[in-house]
Structures are given as structure tokens and as C-alpha cells.
Amino acid sequence: MKISIITITFNSAKTLQRTLASIQSQTYGEIEHIIVDGASTDGTKEMIEAYAKEHKNVRWISEKDEGIYNALNKGIRMATGDIIGFLHSDDVLFSPDSIEHIAGVFETQEADVVYGDLLYCRGNRVIRRWVSNAYNPCGLKYGWMPPHPTVYVRRKVYEQVGEYDEWFRIAADYDMMLRIFKAGFKTYYLPEVLVSMEIGGASNRNSKARLSKTQEDYFVLKKNHVGAGYLTVACKQLRKLRQFLR
């Protein structure tokens, strides 16, 4: 069973090497690494080119894109694996066995969607611990979602629910999670940390970004007919606060 891992990059030379190393250190043998670079100018493109020459399981492009979700959609179209997941250019797989554990669940549980837990870090210090827990349909109304970087799905999932909605600039991953979990696929929660990421992504960069994320989350909920608007958004924010206390 081939697993495609998609990494999107843009001027990521300072952080990309850790990401690449974490994929190549995996014990699972059937990994296809797709890299979608947004025409970087800081040496990222050259780093990817050298990496692809060294490792045969790498496919990549470097060209201008229309944002994060446009790049993710490009990666999905390029992927040839049975299972598709993402690892961005400042994230690392938590353990060399992470992908092997994910693949094992797909094989033994006949799952369509597998997800786990995530750590937000600043250097070597853990800032937040996102523990997903098993999926309960009622949870969507109260702001539940799994951490997007830990979610791996069978190819048929994207064939059924479609691509990321590029109208959203920050919350298309939330939109995708709602679409996937509402569609009735067989899901499985793997109760272990799968990904470690540096804190400070696009939705948490500053107060303006957080406000934009709140507004987009509201529109995502309305689009998918889930929850009670800003009340559900508030519940989602409270879930984040709990992550700092774990």
C-alpha cells in the first residue's frame, strides 16, 4: 500500500531540512513524497532538487501558486498513492514508526480516514498538546475537529468530497474536515502523537489572522450546515485553550 505524503513549501530553506529528514527516516517502505514549491527564491528550490536526486521516491514541482490550498490541491492531483496525507515544511513526523503505524491501521481496521494527536512546539519546548479523541458526530456541533496534519485518507475520499475550497484563505482545512467527517467514511483514531509542528502557522500569526480565521470558521460552518454559527466557533476556541493545559 503506497502512501503519498504532500509537502508544500515557499521560501522554507530554514525549516525544510528537518521535514525532509523525518520522512526519509520512516521505517515504512512504500512512501511517495510529493513536494509542491511556490517558486521559492531563498534556496528552497535548490534544496528540493538535490533531495530529489538523492531519493527516488520524490516527485516535485516549483511554480507560482494561488495560496496554500491551491498548492495542496496540486499535490493531491500529483499523488499516486493509495493513501494521502500532508506534512508541511515546518512540521516533522513524531516517530520513525509514525507512517508504519498509520498504514497498519488502514490495513487491519479497513479504515478510510486515520488521524491522531499533534504537538505544537517552540524549539524543543511543547506549547500545546492536541489530543483528538475518537470521532463522535455530535462533536462537530461543538467545534471538534482532528489536527489536519495528522489526517490520512484513502484516495477515494478526495474523489468523493472534492478538493480544498480555495475561496477560503485560512479555513479550507476546517471545511475539508467537516466535509470528510460528515460524509460517513469509516474513521479511526490512533491515540498517539503523529506530528510535531512549530507554533505560529498562518491562522495564528497575529491578531488580524486570528480574526480572519474566526470569520472564515463561521462561513465554513454555514456552508456545511453544522452547529450554531459563532457559538460553535466559540466552542472551537475553548477546545484550543484546553490544549495548553494538557
Exercise. Could you give me the CA-CA distance, side-chain angles and deciding distance for Tyr152 and Ile5, then say whether side chain to side chain contact (heavy atoms under 4.5 Å, CB included) is met?
Key: CA-CA 9 Å; Tyr152 284 72; Ile5 302 177; 4.2 Å; yes

Practice problem: Could you give me the CA-CA distance, side-chain angles and deciding distance for Thr7 and His88, then say whether side chain to side chain contact (heavy atoms under 4.5 Å, CB included) is met? | Solution: CA-CA 5 Å; Thr7 298; His88 301 315; 5.6 Å; no

Exercise. Assess whether side chain to side chain contact (heavy atoms under 4.5 Å, CB included) is satisfied between Thr15 and Thr19, documenting all intermediate values.
Key: CA-CA 7 Å; Thr15 60; Thr19 303; 5.7 Å; no

Quiz item: For Lys223 and Asp165, what are the C-alpha separation, side-chain angles and deciding distance, and is it a salt bridge (Lys or Arg N to Asp or Glu O under 4.0 Å)?
Solution: CA-CA 11 Å; Lys223 172 189 172 183; Asp165 186 343; 2.8 Å; yes

Exercise. Would you sort out whether Tyr174 and His148 count as a side chain to side chain contact (heavy atoms under 4.5 Å, CB included), showing the intermediate values?
Key: CA-CA 8 Å; Tyr174 185 31; His148 180 249; over 6 Å; no

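A donor-acceptor distance shorter than 3.5 angstrom exists from the side chain of Thr44 to the backbone of Ala13, with no hydrogens or angles considered. Remark: the backbone N or O of Cys138 is paired with a side-chain donor or acceptor of Asn136 at under 3.5 angstrom. Checking side-chain atoms of Thr232 against main-chain N and O of Lys141 turns up a donor-acceptor pair under 3.5 Å. A side-chain donor-acceptor contact under 3.5 Å links Ser132 to the backbone of Gly116. With Asp117 contributing its side chain and Pro191 its backbone, the two residues share no donor-acceptor pair below 3.5 Å. The main-chain N or O of Ser95 is found under 3.5 Å from a side-chain atom of Gln26 such that the two form a donor-acceptor pair. Judged purely by atom type and a 3.5 angstrom limit, Asp175 has no side-chain atom pairing as donor or acceptor with the backbone of Val220. The backbone N or O of Ser40 lies less than 3.5 Å from a partner atom in the side chain of Asp37, making a donor-acceptor pair.
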Scan the side chains in residues 73-81 for donor-acceptor partners under 3.5 Å anywhere in the protein, sequence neighbours excluded, and list what turns up.
{"from": "Asn73", "atom 1": "OD1", "to": "Tyr164", "atom 2": "N", "distance (Å)": "2.8"}
{"from": "Asn73", "atom 1": "ND2", "to": "Tyr69", "atom 2": "O", "distance (Å)": "3.3"}
{"from": "Asn73", "atom 1": "ND2", "to": "Tyr164", "atom 2": "O", "distance (Å)": "3.0"}
{"from": "Asn73", "atom 1": "ND2", "to": "Glu166", "atom 2": "OE2", "distance (Å)": "2.8"}
{"from": "Lys74", "atom 1": "NZ", "to": "Glu63", "atom 2": "OE2", "distance (Å)": "2.9"}
{"from": "Lys74", "atom 1": "NZ", "to": "Lys64", "atom 2": "O", "distance (Å)": "3.2"}
{"from": "Arg77", "atom 1": "NE", "to": "Glu163", "atom 2": "OE2", "distance (Å)": "2.7"}
{"from": "Arg77", "atom 1": "NH2", "to": "Glu163", "atom 2": "OE1", "distance (Å)": "3.0"}
{"from": "Arg77", "atom 1": "NH2", "to": "Glu163", "atom 2": "OE2", "distance (Å)": "3.4"}
{"from": "Thr80", "atom 1": "OG1", "to": "Lys2", "atom 2": "NZ", "distance (Å)": "3.0"}
{"from": "Thr80", "atom 1": "OG1", "to": "Glu32", "atom 2": "OE1", "distance (Å)": "3.3"}
{"from": "Thr80", "atom 1": "OG1", "to": "Glu32", "atom 2": "OE2", "distance (Å)": "2.7"}

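Checked by atom type, the side-chain pair Tyr51/Gln17 shows no donor-acceptor distance below 3.5 Å. If you check the side chains of Ser12 and Ser89, you find a donor sitting under 3.5 Å from an acceptor.
Applying the ring pair (Phe, Tyr, Trp, His ring centres under 6.0 Å) rule to Tyr135 yields the partners Trp144, Phe181; only residues at least two apart in sequence or on another chain are considered. Every residue was checked against the salt bridge (charged side-chain N to carboxylate O under 4.0 Å, His left out) condition with Glu216, not counting sequence neighbours, and none meets it.
Within the 4.5 Å cutoff, no side-chain heavy atoms of Val36 are placed close to those of Thr9. Met197 places a side-chain heavy atom less than 4.5 Å from the side chain of Pro149. Between His101 and Leu190 the shortest side-chain heavy-atom distance falls below 4.5 Å.
Applying the side chain to side chain donor-acceptor pair (under 3.5 Å) test to residues at least two apart or on different chains, the pairs with a partner in residues 102-112 are Asp112-Lys156. Screening residues 11-32 for ring pair (Phe, Tyr, Trp, His ring centres under 6.0 Å), with sequence neighbours left out, gives no hits.
Linking Ile, Leu, Val, Met, Phe, Trp and Tyr residues whenever their side-chain heavy atoms come within less than 4.5 Å leaves Leu238 and Met145 in two separate clusters. Leu231 and Leu211 fall into different hydrophobic clusters, where Ile, Leu, Val, Met, Phe, Trp and Tyr residues are linked whenever their side-chain heavy atoms come under 4.5 Å apart, directly or through other members. Cluster annotation: Val161 is connected to Leu221 through the hydrophobic network of ILVMFWY side chains, with a link wherever side-chain heavy atoms come within less than 4.5 Å.
A salt bridge does not link Asp82 to Arg154: none of the charged side-chain nitrogens sits closer than 4.0 Å to a carboxylate oxygen.
Hydrophobic side-chain contacts under 4.5 Å tie Phe94 into a cluster, directly or through other members, with Leu119, Val126, Val193.
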